[in-house]
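As structure tokens, the structure follows; a few thoughts come after it.
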Amino acid sequence: MSAKIYRPAKTAMQSGKAKTHLWVLEFDQESPRKIDPMMGYTSSSDTRQQVKLTFETQALAEAYAQRNGIEYRVIAPKEPARQVVAYPDNFRYTRTQPWTH
């Protein structure tokens, strides 16, 4: 049984950062998924794939995995590279390209 511990990125659909401060422990897929020939549904006998545990810190998630004998890997979060852009920069005299509508 193995799992990954990560901090989820913000969703692309919203500008807020809700639920990005929590750490998630998610189990890896143990058995392959099967396609039902009659209906075409995808199913699996592995119910651990459906479990997502959330923790306040990375240390708590790692401690839980160690306490329960779960092999884990930590995926480090990538911080976004924010560009500071101001509206007056559109009109500065050192602008390389002319400003147009």
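At a cut-off of 3.5 Å, with distance as the only test, no side-chain donor of Asp46 or Ser31 sits close to an acceptor on the other residue.
The backbone N or O of Thr20 lies less than 3.5 Å from a partner atom in the side chain of Arg7, making a donor-acceptor pair.
Counting heavy atoms from C-beta on, the side chains of Ile5 and Trp23 come closer than 4.5 Å.
The line from CD of Gln49 to CG of Asp28 is 9.0 Å long, rounded to the nearest 0.5 Å. Here the straight-line distance linking atom OG of Ser2 with atom CZ of Phe27 works out to 9.5 Å at 0.5 Å rounding. From Glu71, atom CD reaches atom CD of Gln66 across 12.0 Å, with rounding to the nearest 0.5 Å.
Under a hydrophobic clustering in which Ile, Leu, Val, Met, Phe, Trp and Tyr are joined whenever their side-chain heavy atoms come within less than 4.5 Å, directly or via other members, Val24 and Val51 fall into different clusters. Cluster membership for Leu22 and Leu25, using ILVMFWY side-chain heavy atoms within less than 4.5 angstrom, is not shared.
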Please tabulate, for the side chains in residues 32-41, all donor-acceptor contacts under 3.5 angstrom to protein atoms that are two or more places apart in sequence or on a different chain.
| residue | atom | partner | partner atom | Å |
| --- | --- | --- | --- | --- |
| Asp36 | OD2 | Met39 | N | 2.9 |

Less than 3.5 Å apart, which donor and acceptor atoms pair up between the side chains of residues 52-64 and the rest of the protein, not counting sequence neighbours?
| residue | atom | partner | partner atom | Å |
| --- | --- | --- | --- | --- |
| Lys52 | NZ | Glu26 | OE1 | 3.4 |
| Thr57 | OG1 | Leu60 | N | 3.2 |
| Gln58 | NE2 | Glu62 | OE2 | 2.8 |

